[in-house]
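Here the structure is laid out as structure tokens; the discussion comes afterwards.
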Number of protein chains: 2
Amino acid sequence: MNTHYKNKEKIDKMQDAIIKAAIKVYAAKGMHGIRIADIAKEADVSYGLVYHYFKNKEDVLNAIFAKSINIFLRAIENAAVQEKSLEHKLNSITTFLFNACKEFPEFMYVIMFEVIWTPKFLETRNFMSFTRAFSTFEKILIEYREKGELKKSIDTTVSTYMFFGGLEMILTGIVIKAIPVEKTEMFQKLSNSFINQYINGIAASK
Amino acid sequence: MNTHYKNKEKIDKMQDAIIKAAIKVYAAKGMHGIRIADIAKEADVSYGLVYHYFKNKEDVLNAIFAKSINIFLRAIENAAVQEKSLEHKLNSITTFLFNACKEFPEFMYVIMFEVIWTPKFLETRNFMSFTRAFSTFEKILIEYREKGELKKSIDTTVSTYMFFGGLEMILTGIVIKAIPVEKTEMFQKLSNSFINQYINGIAASK
DNA sequence: ATAATTTGATTTGTTTGTCAATAAACAAGC
DNA sequence: GCTTGTTTATTGACAAACAAATCAAATTAT
């Protein structure tokens, strides 16, 4: 029984190491260019060992997907529950993602460029968790609209998509270095600008 | 001389037909799954003929990319020049893209899911034209900010990314049918909601 | 008759997934 | 705590599968 646990732990560790390597390769070569041989090399294990821990290549890819998507989910659902004001909730989500961009750029790269928009992904139940995130967010908006803090006229679906779309595009800009971020404070500044414009719009107030 | 012209025309037509087929295959199988054999079949030509009109597979992909990206560019740069008010400019861009979604969903699918976020794409000068579109848009915002129609405090880079990001996400939602659009009028409604929220934000006015 | 187009079978190259051999980890008996 | 047997991890060479690119032959247009 004790040994059982140890084995499972070891297996998990090894799988994780391989996935980590796979993500690195993925980020460098993309969905198409990724090769088991490269993953093995990056993980510093033999070719065959990858097949000891994963059934096949698809299995590896799915593992990447599954691991990736959970980052998003937890951040959003946490924020939905934990924070009090709308602004705090939004800030909690964006800050989390901006930090992830800063700390695990390769990881975020994979999530944003490859995982989300892959046809394979769109078919899996990973996608379901993605839409769940969207609807969790939309519920927050609806709640605050009913409280009177948001315009009665807004289409919350559109708002939801705008939030994630806008955020994703900015994160993308950062990851591909189209938006330069020299100092760490810049992240907070970007995050604030984003939320402020999202809530208040860009038009000059009359 | 005359024959020369005719040849060029014919070649263009053939290349176009193959690209069109390639886009269809691309939409169905993605960057990874696309095979010359499938393209040939879809275009109803022999395998070898694809290699008569294109140097190799990469050449075909590049042709897809190049063709795709121009749609975006023209819409944006047209709007920048033609329309008068900011709202009209924005509306011109969104309407164009919403219509494209309606009329060529496969095409838009390829552009949004595959072309834009492919590492290969990010390296090419296709990407340059993409950033050019962004900066064209940003210039519009700066112009109207100076006119006093937009808040002095906005970060125009963030606003630009929010616009394209939000728009892209909504278009994505439509293409993958996460946002259902039964009637054609819905497109206009979505487009209006988007622009209105983009300009005025979501917060209730005090 | 000549040139341009079109074909698909063949070659060439690459990558997956298998497998038999080896090493390490572990448990049981002495 | 040492020996032996058994299971599990690890290796890399290899075969099978697959898809790209080539090319000589056939067709069609001029």
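Fair warning: this is a prediction, and the values are worked out from it, not measured in the lab. In the text below, chain A, chain B and the rest are named by the order of the sequence lines, each starting its count at 1.
Atom CZ of B/F54 is separated from atom P of C/dT5 by 14 Å (rounded to the nearest Å). As a whole-Å value, the separation of A/K41 NZ from D/dT10 P is 20 Å. Rounded to a whole Å, the CD1 atom of A/I18 is 11 Å from the C1' atom of D/dA9. Atom CD in B/Q15 sits about 11 Å away from atom P in C/dT5, given to the nearest Å. Following rounding to the nearest Å, A/D38 (CG) and C/dT15 (P) show an atom-to-atom distance of 8 Å. B/L49 has its CG atom 12 Å from the C1' atom of C/dG8, to the nearest Å.
One finds a side-chain N or O of A/K10 lying less than 4.0 angstrom from the OP1 or OP2 phosphate oxygen of D/dT10. Between A/H52 and D/dA9 there is a side-chain N or O to OP1 or OP2 distance below 4.0 Å.
Evaluation of the side-chain hydrogen bond (donor to acceptor under 3.5 Å, both in side chains) rule for A/T184 yields no partner, not counting sequence neighbours. For the side-chain contact (heavy atoms from CB on, under 4.5 Å) test, residues two or more places apart in sequence or in another chain that qualify with B/Q15 are B/I11, B/D12, B/Y53, B/F54. Considering only residues two or more places apart in sequence or on other chains, B/S191 meets the side-chain contact (heavy atoms from CB on, under 4.5 Å) condition with B/N91, B/T94, B/T95, B/F98, B/Q188, B/I195. Shown here are the side-chain contact (heavy atoms from CB on, under 4.5 Å) partners of A/H88, two or more places apart in sequence or in another chain: A/E83, A/S85. By the side-chain contact (heavy atoms from CB on, under 4.5 Å) test, B/R35 is found to be paired with B/K29, B/D38, residues two or more places apart in sequence or in another chain being considered.
B/Y53 comes within contact range of the sugar-phosphate backbone alone, with a heavy-atom separation under 4.0 Å but no base atom that close.
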Close N/O contacts between protein and nucleotides 19-23 of chain D (under 3.5 Å):
from, atom 1, to, atom 2, distance (Å)
D/dA19, OP1, B/R35, NH1, 3.3
D/dA20, OP1, B/K57, NZ, 2.9
D/dA20, OP2, B/I36, N, 3.4
D/dA20, N7, B/Y47, OH, 3.1
D/dA21, OP2, B/Y51, OH, 2.8
D/dA21, OP2, B/K57, N, 2.9
D/dA21, N7, B/Y47, OH, 3.2

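The distance from atom OG of A/S159 to atom CD1 of B/I170, rounded to the nearest 0.5 Å, is 8.5 Å.
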